[in-house]
Novice: 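Sharing a structure with you now.
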Amino acid sequence: MQRILYGVVGVLTGLLVSIVFFADFNQANAGDAAANKSKAEKVYVPYGEQDEYYMFASGGHSGQLFVYGVPSMRKIRTVPVFTPDPATGYGFDDKTKEMLGGYSWGDFHHPAVSETGGDYDGEFLFANDVGNNRVAAVDLSTFHTSDIMSLPNMGGPHAGVFVTENTEYIAMPTRFARPLAGEYAELDKYEEDYKGVVSMTTFDRKSKKFDLAYQIVLPPWSYDLSDAGKKMSKDWIVMTTYNTEFATTNLEINASQNDRDYIVMINWKRLEDEVANGNYNDVNGAKMIDPRDVPGAIFAIPVAKSPHGVDVTPDGERFIASGKLAPLMTVFSFEKAFEAIKSKDFKGEEFDIPVLPYEKVVEREVDPEGALGPLHTQFDDKGHAYNTMFISSEIVKWKVDSGEVIDRKPTYYSPGHASAAEGDTIEPDGKYIVALNKIAKDNFLSVGPSHPESMDLFDISGDKMEHLITAPTDPEPHYAQIVHRDKIKPKKIYDKDESRENSVWSQDDARIERKGDEVHVYGIAMRSKFVFDAKAERPDAVTVKQGDTVYFHMTNIDLDQDITHGFGINDYDLNFEIQPGQTNTLTFKADKAGTFPIYCTNFCSALHQEMSGYLLVEPK
């Protein structure tokens, strides 16, 4: 018996030794490795192929637009919008310098692509500047900013931009209440003298210019985020509010006292008709209307306090508010709201605005267990909503019709907004969603105390969300829109327009004209030379007098794609670019005498180094 026992122990010992020395403990991770390989394959875009989607992301306080490819998450381009960009010369040439109006930065939060019939049409992208009360348009055929307009009477248009169903309006509600035109008024008179304002701007796609159609004056609440209705709700806009307490200091405490704040509903179509009939006041050059003076134009709906996002469902029948401090999503019905309005079923007034009873308009409250800090809602093509949870760092997928939670996935970390493929349209694609995170703790190589922000890409085509990749981004992404590549029609070169002002299309026509103390150079850029004066002994040199105002009107006559020429003047702090077929003008005062090399700053050919010339400034 003892010998049998020893034998059994020996066999077991041998098995243990063989397991320790010869077993492959990595087998436990084989499934993870296979899953990771599958994820990598899903985001890999082979050479010669292209991403399926563009993602247009706001650049926050950089004032720029970031463009990514999805699903690769590769950054394709930074498009300068509100901030000068020496790489492209944006803010140096005459047109963009004038558009920027002397500002050196902007705070761009919420991009909105132009829509037709509630669907992205891919022609233009609109941007807000919270810091300096401006709106911009980016031409998506050239990926260049085409117009910027300053907005009077505003206090930081954070709650926009968003577009109505056919881009009739680009709407921008203000975040900060202030006196109209920013005039001085004591904070003790906040309720009386401070106002909220919504700017309703139009955009002419042919002239590529903005116009301020009218402004809406509102109570001095803070307007956080907003959206436009679709289909049955297309004449309406909805906005979240906070600080209905009218606090003027320590807002993190004093603006969170009330149990509820409000969703504000405005019928922009009714206000449009009133303005067309002349029923408005002129305030600092803007047509301003108070919707409280127009029956049926404005209503308030109680909502969980300090809400952030409010998003209209693709069918236009509901709008969903995210609670921020109250950890729930609230689904409201437009139809119920319209019924309450029709029957005049109001629950009093707030600041002279009729209040709709919460219980008469709400469909349901969605409160996933343990989910904290809901901020923003996006949609797929199967009736699901997706909410970012800032505090619990996750995305929650749930059914709009029932509130049933379907799935939850962690993000890395603290997502603000999310962007789903075609997610703001009447027909979301339901393929991907990107969480735009505020924090990226140790996900990437350290770059010092300021960590990169990050983005998480999820595949949402199945019942369960699948996390595919985390990617870094420049500070600070707020919101983005993901547009299918088929809707974007970029030009390869600018059209050759021989009637274009200041353009020169043959190097033989390059010339220099003096008009008093102005010197106009009508030149060309081509591989691999500049020609400023075809008849001169040195056609690539320009001589002026100290104190002259110099105009370089340059045309890139290389009509081949991707042959962009730069134009830098050494020691004069000047640089701009001329893309194929483009004419651009650079104006400056030749206030420094001396010899200043001119050179192409954008690599264009094998003889790029030789593409140079001289600016000679004769001293007084």
Side-chain angles (χ1 to χ4, degrees), residues 50-51 53-70 72-93 95-101 103-114 120-132 134-149 160-161 163 170 203 205 208-210 419 434 436 453 455 471-483 485 487-494 561-562 564 566 575-580 582 584 601-602:
Q50 296 178 341
D51 282 291
Y53 295 92
Y54 289 87
M55 184 172 79
F56 301 103
S58 64
H61 46 266
S62 75
Q64 315 294 43
L65 172 68
F66 303 147
V67 185
Y68 298 88
V70 175
S72 73
M73 301 305 290
R74 294 178 299 196
K75 188 176 181 181
I76 300 171
R77 175 71 58 162
T78 296
V79 179
V81 180
F82 293 115
T83 306
D85 176 43
T88 59
Y90 184 82
F92 291 78
D93 65 84
K95 179 182 177 181
T96 59
K97 187 176 182 180
E98 181 183 2
M99 279 198 306
L100 288 175
Y103 290 103
S104 60
W105 80 292
D107 192 6
F108 170 25
H109 280 228
H110 302 116
V113 173
S114 56
Y120 302 141
D121 57 39
E123 291 189 4
F124 292 90
L125 178 142
F126 305 105
N128 63 324
D129 177 10
V130 181
N132 296 302
R134 294 179 292 173
V135 58
V138 176
D139 185 342
L140 293 179
S141 71
T142 60
F143 282 68
H144 277 186
T145 302
S146 59
D147 194 26
I148 297 176
M149 182 173 66
V161 296
V163 299
I170 301 98
F203 184 76
R205 300 196 194 202
K208 301 179 184 179
K209 291 291 183 181
F210 283 108
S419 179
V434 175
L436 300 159
E453 271 80 23
M455 303 179 292
T473 181
D474 293 329
E476 173 193 9
H478 286 268
Y479 184 47
Q481 288 191 326
I482 299 176
V483 184
R485 68 186 182 195
K487 294 181 178 177
I488 308 297
K489 308 294 184 184
K491 290 184 176 181
K492 293 187 181 295
I493 61 173
Y494 279 81
Q561 64 173 326
D562 206 24
T564 296
N575 176 54
F576 75 128
E577 70 174 17
I578 320 110
Q579 295 192 352
Q582 184 183 26
N584 221 343
T601 55
N602 195 313

Novice: Report yes if the side chains of Val67 and Thr78 come closer than 4.5 Å at any heavy-atom pair, otherwise no.
Specialist: no
Novice: Look up atom CG in Asp139 and atom CZ in Arg205, then write down how far apart they are to the nearest 0.5 Å.
Specialist: 11.0 Å
Novice: For the CG atom of Leu436 and the OG1 atom of Thr473, what is their distance to the nearest 0.5 Å?
Specialist: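 Separation between the atoms: 8.0 Å.
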Novice: In terms of the angle between their ring planes, are Phe203 and Phe126 parallel, tilted or perpendicular, with boundaries placed at 30° and 60°?
Specialist: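 Perpendicular: the ring planes of Phe203 and Phe126 meet at over 60°.
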Novice: Does a side-chain heavy-atom distance below 4.5 Å link Tyr90 with Leu100?
Specialist: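 Yes, at least one pair of side-chain atoms sits under 4.5 Å.
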Novice: Side chains of Ile170 and Phe210: does their closest heavy-atom pair fall under 4.5 Å?
Specialist: yes
Novice: Counting N and O atoms only, with roles assigned by atom type, does the side chain of Thr145 sit under 3.5 Å from a partner on the main chain of Pro80, one being a donor and the other an acceptor?
Specialist: yes
Novice: Output the distance between atom CD (Glu577) and atom CG (Asp85), rounded to the nearest 0.5 Å.
Specialist: 8.5 Å
Novice: Please indicate whether Arg77 has more than 12 foreign heavy atoms, meaning atoms of other residues, nucleotides or ligands, lying under 6.0 Å from its CZ.
Specialist: no
Novice: So does Lys75 have more than 12 non-hydrogen atoms from other groups sitting under 6.0 Å from NZ?
Specialist: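 Counting neighbours around NZ of Lys75, more than 12 heavy atoms of other residues, nucleotides or ligands fall under 6.0 Å, so yes.
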Novice: Please state whether the rings of Phe56 and Phe143 are parallel, tilted or perpendicular, taking 30° and 60° as the class boundaries.
Specialist: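 Aromatic pair Phe56/Phe143 classed tilted.
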Novice: Measure from the side-chain N and O atoms of Asp51 to the backbone N and O of Ser72, and report whether any donor-acceptor pair falls under 3.5 Å.
Specialist: yes
Novice: Could you tell me whether the side chain of Asn132 and the main chain of Trp105 form a donor-acceptor pair under 3.5 Å?
Specialist: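 Checking the backbone N and O of Trp105 against the side chain of Asn132, a donor-acceptor pair under 3.5 Å is found.
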Novice: Can a salt bridge be assigned to the pair Lys209 and Asp147 using a cut-off of 4.0 Å between side-chain N and carboxylate O?
Specialist: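 Salt bridge between Lys209 and Asp147, a charged N being under 4.0 Å from a carboxylate O: yes.
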Novice: Please check: side-chain N/O of Asn128 versus main-chain N/O of His110, any donor-acceptor pairing under 3.5 Å?
Specialist: yes
Novice: Mind checking what makes side chain to side chain donor-acceptor pair (under 3.5 Å) contact with Asn584, not counting sequence neighbours?
Specialist: none
Novice: Val113 and side-chain contact (heavy atoms from CB on, under 4.5 Å): which single residue from Ile488, Val483, Val138, Ile482 fits?
Specialist: Val483
Novice: Quick check against the 3.5 Å criterion: does Ser58 have a side-chain atom that pairs as donor or acceptor with the backbone of Pro111?
Specialist: no
Novice: Looking only at heavy atoms, which two atoms of Val81 and Gly63 are closest? And how far apart?
Specialist: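 Taking Val81 first and Gly63 second, the nearest heavy atoms are CB-O, 3.5 Å.
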Novice: Could you measure the distance from the CZ atom of Arg74 to the OH atom of Tyr68? Nearest 0.5 Å is fine.
Specialist: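 Going from the CZ atom of Arg74 to the OH atom of Tyr68 covers 13.5 Å.
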Novice: Using atom types as modelled and distance alone, determine if a side-chain donor or acceptor of Glu476 lies under 3.5 Å from a backbone N or O of His61.
Specialist: no
Novice: With no hydrogens and no angle check, do the side chains of Asn602 and Thr564 hold a donor and an acceptor under 3.5 Å apart?
Specialist: no
Novice: I need the minimum non-hydrogen distance between Glu123 and Ser114, along with the two atoms involved.
Specialist: N-OG, 3.5 Å
